[in-house]
Structures are given as C-alpha cells and as structure tokens.
Amino acid sequence: MNYWLMKSEPDVFSFDDLKKRPKKTEPWNGVRNYQARNFMRDEMQVGDHILFYHSSCEVPGVYGIAKVGSKPYPDSTQFDPKSEYYDSKSTQDNPRWFLVDVTYEMDLDHHVSLEELKKHKKLEEMRLLQRGNRLSILPVTREEFDYIKKLGLS
DNA sequence: GCCAACGTTGGC
DNA sequence: GCCAACGTTGGC
C-alpha cells in the first residue's frame, strides 16, 4: 500500500467536485509530466490513499482524502485533437500518457493549509515542502499521511 | 549529447 | 503579476 499527494487547482477541479461526481470518481486526466505519469502507471495500486491538495488558490493545502480507484489505463484526452491535452505523438497502439481514477474516500473536519504543514517538524522532509518542487503527484510516507490526516481531524 | 531558449508551476 | 525553479524542445 502506497500513499500519495495529488494537486489540483480548485477552480478547475476541487475536492467538492470529486464528491459530486457520479460514483465520486474522476479520471485523473491531463497529467503531462513523465515523473507524475510514472507514479500513476508504475506504482499506484487500487486502494492507495491520497491527500487531495488544492494549489494555486487562496489557501493552498490538503482538503480531503481520496483513494486510487482503478488500475492505470491510457488517458483518452491524448487522442482527442479538440482537447487541450491532445498529444499528436500518441497513438492508440502506443499511448504516451496513463492515468488512474481517483475516488472520494473521506472528508476532513477542516483543511490543513500549506502554512500549517510547514510548522511541523515531523513533516519537514515531505517532498511537497522541498524547494523547487512542482510535481503534481508526489509520494508521501505512511507516517506523513497519518500525521496530516490527524491534523485535519479534531 | 550539450545547452540556450522557452514554457509551466505555484507560492507569494 | 512576479519570479524562482525546473522540465522540455530543438539547433548544433
């Protein structure tokens, strides 16, 4: 079992949006970074737990808990010329981009802001908090995951 | 294979 | 809107 942090801009797709989806599930399309893709394609397993993080917004931070809802499969938007995620170098036989479904798991009592995360010594080695990090999908340790979840419950 | 130019991310 | 960090592209 692995643990992850996945970023989303809430103006585009928020944790609330995920809850409102049919089956509370959303294909995580549009990732066009190889490292992030590799995490989804090679390392994620159904049932892995996810910290759902809002970025590029007024209060960046963790807003809920989700889980991996499917095995990896090709991101259909890469084949669609009308999609902003279209990739002309991808073919059905040799897709370049893979995704997993993300499924709602549980609410937190309150969000845990980036500012809050930075205050905790136990979290100072989190990849999210390392300088220059821009990956939209990051592994977290079980300890980090549990600690942050606890911060969001009270 | 190097590296300059360019584009994107994301906090502030 | 700024800008640091870093990934990607493409000429050579």
Side-chain angles (χ1 to χ4, degrees), chain A residues 2-21 26-44 48-69 72-105 107-141 143-152:
Chain A
N2 292 316
Y3 297 83
W4 307 95
L5 181 143
M6 296 175 81
K7 297 180 188 173
S8 185
E9 298 187 22
D11 293 345
V12 179
F13 189 78
S14 69
F15 188 65
D16 270 349
D17 293 331
L18 179 65
K19 271 173 86 169
K20 288 184 205 144
R21 280 288 193 263
E26 179 75 359
W28 208 252
N29 56 34
V31 171
R32 294 294 180 269
N33 169 283
Y34 290 104
Q35 268 183 279
R37 177 206 67 182
N38 291 348
F39 286 139
M40 290 198 283
R41 189 190 62 183
D42 304 334
E43 296 190 39
M44 284 194 181
D48 280 0
H49 299 290
I50 299 165
L51 300 170
F52 197 109
Y53 182 92
H54 287 180
S55 66
S56 295
C57 57
E58 195 172 340
V59 184
V62 174
Y63 280 75
I65 308 289
K67 61 189 172 185
V68 175
Y73 61 95
D75 180 344
S76 63
T77 64
Q78 70 194 302
F79 308 124
D80 176 5
K82 294 193 292 278
S83 168
E84 61 176 313
Y85 302 125
Y86 177 64
D87 186 338
S88 61
K89 300 196 184 95
S90 264
T91 64
Q92 296 277 353
D93 288 340
N94 190 19
R96 179 181 289 195
W97 304 108
F98 287 76
L99 53 68
V100 297
D101 289 343
V102 170
T103 301
Y104 168 84
E105 181 167 348
D107 285 320
L108 297 172
D109 294 328
H110 51 83
H111 71 268
V112 183
S113 69
L114 176 61
E115 189 185 8
E116 173 77 15
L117 294 174
K118 288 176 179 169
K119 287 180 186 165
H120 292 266
K121 191 102 168 77
K122 287 212 164 161
L123 300 175
E124 68 186 8
E125 289 183 13
M126 270 191 91
R127 287 189 59 174
L128 177 73
L129 302 182
Q130 302 315 305
R131 128 202 171 102
N133 158 71
R134 296 180 317 171
L135 269 185
S136 64
I137 299 175
L138 293 165
V140 299
T141 67
E143 290 72 25
E144 289 161 351
F145 182 91
D146 289 344
Y147 190 84
I148 293 166
K149 182 171 156 184
K150 207 171 290 177
L151 289 177

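Values below: every heavy atom of this structure, side chains too, minus hydrogens, waters and symmetry copies. Quick note on labels: first sequence line is chain A, next is B, and so on, each numbered from 1.
Look at A/Y53 and you'll find a side-chain N or O under 4.0 angstrom from OP1 or OP2 of B/dG11. Note on A/K7: a side-chain N or O is less than 4.0 Å away from OP1 or OP2 of B/dG10.
Residue A/M6 contributes atom CE, which lies 13 Å from atom P of B/dG10 at whole-angstrom precision. In this structure, CG of A/L117 is placed 11 Å from P of B/dC12, rounded to the nearest angstrom. Put simply, CD on A/Q35 is 14 Å from C1' on B/dT9, counting in whole angstrom units. Straight-line distance from the OH atom of A/Y85 to the C1' atom of B/dT8: 13 Å, rounded to whole Å. The interatomic distance linking A/N133 (CG) with C/dC6 (P) rounds to 9 Å, in whole Å. Atom CG of A/L135 is separated from atom P of C/dA4 by 21 Å (rounded to the nearest Å). Rounded to whole Å, atom P of B/dT8 lies 13 Å from atom CD of A/E9. B/dG10 atom C1' lies 13 Å from atom CG of A/L5, rounded to whole Å.
Taking the six-membered ring for Trp, A/F52 and A/W4 have ring centres at least 6.0 Å apart.
The side chain of A/R131 has C/dA5 as its nearest neighbour among C/dA5, C/dG7, B/dC12. Side chain of A/Y34, nearest nucleotide from C/dG7, B/dG11, C/dT8: C/dT8. Nearest to the side chain of A/L114, among C/dA5, B/dC12, C/dT8, sits B/dC12.
Judged by distance alone, the side chain of A/H54 and the main-chain N or O of A/F15 form a donor-acceptor pair under 3.5 Å.
Between the side chains of A/Y85 and A/D80, not a single donor N or O lies within less than 3.5 Å of an accepting N or O. No side-chain N or O of A/D93 forms a donor-acceptor pair with one of A/T91 less than 3.5 Å apart.
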